[in-house]
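Below: the structure, in C-alpha cells.
Model, not experiment: these values are computed from the prediction.
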Number of protein chains: 2
Amino acid sequence: MSTTEETGPRARLIEAAGEVFAEHGFRAATIREITRRAGVNVAAVNYYFRDKEELYSATLLHAHKAACTLRPEDAGALPPEDRLHHFVHALLSRFLDPRRPRWHGQLMAREMAEPTPMLRHLIDEVFRPNCRWISGVLSELGGGRFDAEQLDYITTSVLGQCVFYRQNRPIIQSFFPDLLGRDALVDRLARHITDFSLAAIRNLPGKSLHHEHLAESR
Amino acid sequence: MSTTEETGPRARLIEAAGEVFAEHGFRAATIREITRRAGVNVAAVNYYFRDKEELYSATLLHAHKAACTLRPEDAGALPPEDRLHHFVHALLSRFLDPRRPRWHGQLMAREMAEPTPMLRHLIDEVFRPNCRWISGVLSELGGGRFDAEQLDYITTSVLGQCVFYRQNRPIIQSFFPDLLGRDALVDRLARHITDFSLAAIRNLPGKSLHHEHLAESR
DNA sequence: AGACGTTTCAAACAATTGTTTTATGTGGGG
DNA sequence: CCCCACATAAAACAATTGTTTGAAACGTCT
C-alpha cells in the first residue's frame, strides 16, 4: 500500500471483476471467470468481500473514484462558451479516451438498462450535480430567454450528443467505420458538439412569447 | 390465427419472454420465469422453439416487426425540414409512446451494451438504411457544404438527441421529474430536437474554408 | 369407438452457479 | 520449537440453470 498502484489479490479482483461485469452483466458474470482472470482462488471473492454483490459495489465505486471532474476548477473566470466546451470534452474523454479502461463506460451503460440499487447513489452523488451545473451554463448562454421546460430539452440535447458515444459503440463502429479511429477524436468531437450546440442555442427562439421584447426580460 | 391478435402458447411465450429478457438480460432471464408468466409448462419453450436462444431471436424479431417505418412514404414531395421532423418524431414515438410495450426499447438498449449475434442482423436490415437516409436529409439541409467527416458528426448529434430518451430513463426520471409526464411529450420533444438541429445546421460553418462566402452557397 | 398425430405436463437430468467447509501453507513472537 | 493468526487452495455443498424424457390429455379423422 505504499504507492497508488495496488497489486494485491483484492485489487486484482476488482480489476478483473470490472472487465467481466462489463462484458456479461452482474448475474451472467461468473465468479469463477473473475477469479481465473485475477489469478486467484474461487474462494478469494468470499474472503475479501462478503459475497458477489459486495464485489460488484466495490467495483462500481472504484470505477467512479477514478473519474475526473467534469467542471473546470477556475469555472468562474471562464466565459460560458468555454465552460461548455470543457464539460463536453471531459465527458467525451471518459467514454472515448483509449487510455481509460473501457469497462467503466460499459458498466454504466448496463446500469442504465438494468438499474441496481447502487445506481441511485451514483445519480445523487455525481450525475445530478454535474447536470445541474451544465444546465446553469446553458441557461447563461441563452441569456435568460429559456423557460424551465425549454432548458430541460436543451440540456438533454447536449447530454444526448455526448453519451451517445458511450452507449452505442456497435452502431457507430458499423455506420461510421473510420469515425472512432480518427486521431485526436475527442478533441474534434468536443469541438463539433460544442459548436453545434452553441449554434443551435444562439438561433433558437426563446420562450414563445411570440416575437416581441426579447431583451428586456432581465 | 384468424385475427391479428395471437393468443396461443407460442405468442404468449414471446410476449412474456420480451418482458423478462428486457428486465434481466439474456442469460439472467430464466426459462422458468418466462413460462410462469406465460402460464405454460417449462418444456413449452423447447417444444415451440429449439432452445432459449431461438426464443430470444424470435422475441427480438417480433419487437421489430411491430416497429413502424421511420421515413414518410411520400418522402420525395416533402421539404427536407419536414422529412427530418418526421424522422425524429417517429423515432421518439418508438421510445416514449406509452401505447407501445416498453420492453422493445429496453431490449435494444441491452443489445447495445452486450451485443448478441442477432444485433448485426438488425443493424444491417433496419438501422443502417435509416441512418443512411437521415444522413442524406441532413446533407441536403446543409446545402452540400458539409464534408463526410462533418456529416458523420452531425448525424450522430441528431441520433444522439433521440436515443438518449431510450437509454437513460433512470437519469431522466431523476433529473427532470416532470419531463416524461408531460402530455403530448413526443410532439413537443420532436419539435424541439428538430428546431435545435435545424438552428445548429443553418449556423454551423461549413468545411473550414475559414470564414468568407457563407451566403452564396445557396 | 378406436387409432393417431399433436400438445401439455410432471419428473428427472447433467451442468453450472455462489458459497462454505476443510485442509494446507506461511511467518513471526512466546 | 511450537503455536497461532492469517492467507491460500481444493473439494464439497445446496440451489438453480437449460434441456430431455416419457407418459397423460386432447382433438380429429375413419
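- Under the side chain to side chain contact (heavy atoms under 4.5 Å, CB included) criterion, B/A28 pairs with A/R27, B/H24, sequence neighbours left out.
- Every residue two or more places apart in sequence or in another chain that forms a side chain to side chain contact (heavy atoms under 4.5 Å, CB included) with B/P170 is listed here: A/P115, A/L119.
- If you take CZ of A/R36 and C1' of D/dT8, they are 19 Å apart, rounded to a whole angstrom.
- Between A/Y47 and the phosphate of D/dA7, there is a side-chain N or O to OP1/OP2 separation shorter than 4.0 Å.
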In the 5'-to-3' direction, what one-character label does each nucleotide of nucleotides 14-25 of chain D receive under the scheme B = base within less than 4.0 Å of a protein heavy atom, S = sugar-phosphate only, - = no such atom? ---BBBBB----

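- Scored by the salt bridge (charged side-chain N to carboxylate O under 4.0 Å, His left out) test, B/E54 finds B/R50 as partners (sequence neighbours excluded).
- Every residue meeting the salt bridge (charged side-chain N to carboxylate O under 4.0 Å, His left out) condition with B/R191, not counting sequence neighbours, appears here in chain and number order: B/D195.
- Rounded to an integer number of Å, the gap from A/R10 CZ to D/dC6 P is 16 Å.
- Residues B/R12 and B/T7 bring no donor and acceptor atom of their side chains to less than 3.5 Å of each other.
- When the ring-ring contact (aromatic ring centres under 6.0 Å, His included) test is applied to A/Y153, the partners found at least two apart in sequence or on another chain are B/H192.
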Watson-Crick and G-U pairing of DNA chain D, under 3.5 Å, as dot-bracket with | and [ ]: |.||||.|||||||||.|||||||||||||

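- Every residue two or more places apart in sequence or in another chain was checked for a ring-ring contact (aromatic ring centres under 6.0 Å, His included) with B/F49, and none qualifies.
- In this view, A/Q161 and A/S197, B/S157 satisfy the side-chain hydrogen bond (donor to acceptor under 3.5 Å, both in side chains) rule, not counting sequence neighbours.
- Remark: A/Y48 is in phosphate contact with D/dT8, judged by side-chain N or O atoms under 4.0 Å from OP1 or OP2.
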